[in-house]
> 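I am attaching a structure below and will ask some questions about it afterwards.
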Amino acid sequence: MSGFSRTVVEVHDACLTGRDCARLFPAMIRRLNHPNWGTRVSAAGIEDCTAELEEGAVVFLPELGFDIRWDEKPHFSPLVAAAKNVSFDPLTGRLGGAAVGNVQDRDTKSLDAPGSLESLSAMLRRFSAAAASLAEALFPTYNARLQRARASFRPAEIAGRETTWRHDDTRLHIDSFPATPVQGRRILRVFTNVNPDGRSRSWRIGEPFEDVAQRFGGQLRLPLPFSGAMLRAVGITRSRRSAYDALMLQLHDRMKADLEYQAKAPQTAIDFPAGSTWIAFTDRVSHAAMAGQYQLEQTFLLPVDAMQQPGRSPLRILERMKKRALV
């Protein structure tokens, strides 16, 4: 693990000494001085870090920012989203969650809604394509197996945002999708901080997935037979919710609901500067977003059999724990 560093971003020990953090987070941050969004690792003379990513590292690219065009700057208002984020489906071109008609530019002139929607879609389409090129360049063994899901723009400030405990992203959690089951596939996400005022994106990173699963494993219950098919039939989910998806949703909720765990679990605070990019398997990396505004992110799904180390996937870990297949 010699390629890791805990000093590449501003890191604050939340509840541990530096020695304890080094023991509990040996693979927390992997820094790459990667030149641009499409250059392959081998061409750039950079070591492949796929194995470390699968072991729970956050791959950090401190100098890789995403350029915002002049006509896209009016979208940098918290009013651009009707909820906490605007979503974009790169397969259909559908934009969701936008409230562009309420947005005004710096001169307080109202934006033309159709033109604004087109510009917002173009920004997210451009970022989605760039993130796909980056993932293919950094993790070549995943090529042709990565499935591009939705891109998002998060214009709202995280700190102080009122929400329910289940949707509170300032609480440590692992990612699991209630309406769109992944059926065992990995959740890989590319994030970039595009804050125009230079503000950092503040995270907390928690203990390794194996420790989280052991801590809450006794509370996780297998779903009733055919319940996944029933949820799909009544429209609660878009596809069948597997036993794996049900357990991951429970794990997500158990983590967020346990305030003592939130306060006392091993964790470290990390600030990602504006103009930087980072990548993680967020179904494995326990994380919480504490503060920051204006972020772009792209989600990918990866079949477990496309991994270099399938045994490190949450699916295989939970299957070993439950002693049965979960998909």
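For this chain, numbers begin at 1 and follow the sequence in order.
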> Under the 3.5 angstrom rule, does the side chain of Ser87 hit a backbone N or O of Gly97 as a donor-acceptor pair?
no
> Looking only at side chains, do Arg145 and Asn143 share a donor and an acceptor under 3.5 Å apart?
no
> Could you tell me whether the side chain of Glu54 and the main chain of Gln308 form a donor-acceptor pair under 3.5 Å?
yes
> Ring pair (Phe, Tyr, Trp, His ring centres under 6.0 Å): which pairs involve residues 211-248, sequence neighbours left out?
Phe216-Tyr261
> Nearest 0.5 Å please: distance from the CZ atom of Arg240 over to the OG atom of Ser227.
9.5 Å
> Check the side chains of Ser119 and His75 for a donor-acceptor pair under 3.5 angstrom, ignoring hydrogens and angles.
yes
> If we only count heavy atoms from C-beta on, is the Asp169 to Lys256 side-chain gap below 4.5 Å?
yes
> Tell me, do Phe66 and Ile68 make a side-chain contact under 4.5 Å, heavy atoms counted?
yes
> Without hydrogens or angle criteria, can the side chains of Gln147 and Arg185 be said to hold a donor-acceptor pair below 3.5 Å?
yes
> Could you tell me if the side chain of Ser152 sits less than 4.5 Å from the side chain of Phe88, heavy atoms only?
no
> Would Ser202 and Asp271 count as a side chain to side chain donor-acceptor pair (under 3.5 Å) here? Give the steps.
CA-CA 4 Å; Ser202 298; Asp271 290 339; 2.7 Å; yes
> Would Thr282 and Asp175 count as a side chain to side chain donor-acceptor pair (under 3.5 Å) if you check the C-alpha gap in whole Å, the side-chain angles of each, and the deciding distance to 0.1 Å?
CA-CA 6 Å; Thr282 56; Asp175 282 348; 2.6 Å; yes
> Please answer whether the main-chain N or O of Gly311 pairs with a side-chain N or O of Gln309 as donor and acceptor at a distance below 3.5 Å.
no
> Using 0.5 Å steps for rounding, measure from the CZ atom of Phe272 to the CD atom of Gln295.
9.5 Å
> Residues two or more places apart in sequence or in another chain: which of them pass ring-ring contact (aromatic ring centres under 6.0 Å, His included) with Tyr294?
Phe76
> Please give the remaining members of the hydrophobic cluster of Trp165, linking ILVMFWY side chains under 4.5 Å, ordered by chain and number.
none
> For the residue pair Thr180 and Arg238, confirm or rule out a side-chain donor-acceptor distance under 3.5 Å.
no
> Flag the pair Arg150 and Glu297 as a salt bridge only when some basic side-chain nitrogen lies within less than 4.0 angstrom of an acidic carboxylate oxygen.
no
> Could you tell me if the side chain of Phe300 sits less than 4.5 Å from the side chain of Val190, heavy atoms only?
yes
> Any sub-3.5 Å donor-acceptor pair from Glu210's side-chain atoms to Ile317's backbone N or O?
no
> Is it true that a side-chain atom of Lys322 and a backbone atom of Leu220 form a donor plus acceptor pair closer than 3.5 Å?
yes
> Please, which pairs that meet side-chain hydrogen bond (donor to acceptor under 3.5 Å, both in side chains) have at least one residue in residues 121-141, sequence neighbours excluded?
Glu72-Arg126, Ser128-Arg148, Ser128-Gln298
> Using 0.5 Å steps for rounding, measure from the OG atom of Ser176 to the CG atom of Asp283.
9.0 Å
> Please list, chain by chain and in numerical order, all residues satisfying ring-ring contact (aromatic ring centres under 6.0 Å, His included) with His252, sequence neighbours excluded.
His173
> Let me see the working for Gln262 and Glu260 under side chain to side chain donor-acceptor pair (under 3.5 Å), right down to the final yes or no.
CA-CA 5 Å; Gln262 293 293 324; Glu260 182 177 6; over 6 Å; no
> Show your working on side chain to side chain donor-acceptor pair (under 3.5 Å) between Thr299 and Arg189 and close with a plain yes or no.
CA-CA 5 Å; Thr299 298; Arg189 280 182 154 168; 2.8 Å; yes
> Taking all atoms of both residues into account, what is the closest heavy-atom pair of Ile205 and Val285, and its distance?
CG2-CG1, 4.1 Å
> I'd like to check Leu95 versus Asp89 (side-chain heavy atoms, cut-off strictly below 4.5 Å). Are they in contact?
no
> State whether the side chain of Arg284 and the backbone N or O of Arg312 hold a donor-acceptor pair below 3.5 Å, judged by distance alone.
yes
> Is it true that a side-chain atom of Arg241 and a backbone atom of Pro178 form a donor plus acceptor pair closer than 3.5 Å?
yes
> Between Phe191 and Trp278, does the ring centroid distance fall short of 6.0 Å?
yes
> According to salt bridge (Lys or Arg N to Asp or Glu O under 4.0 Å), who are the partners of Asp245, at least two apart in sequence or on a separate chain?
none
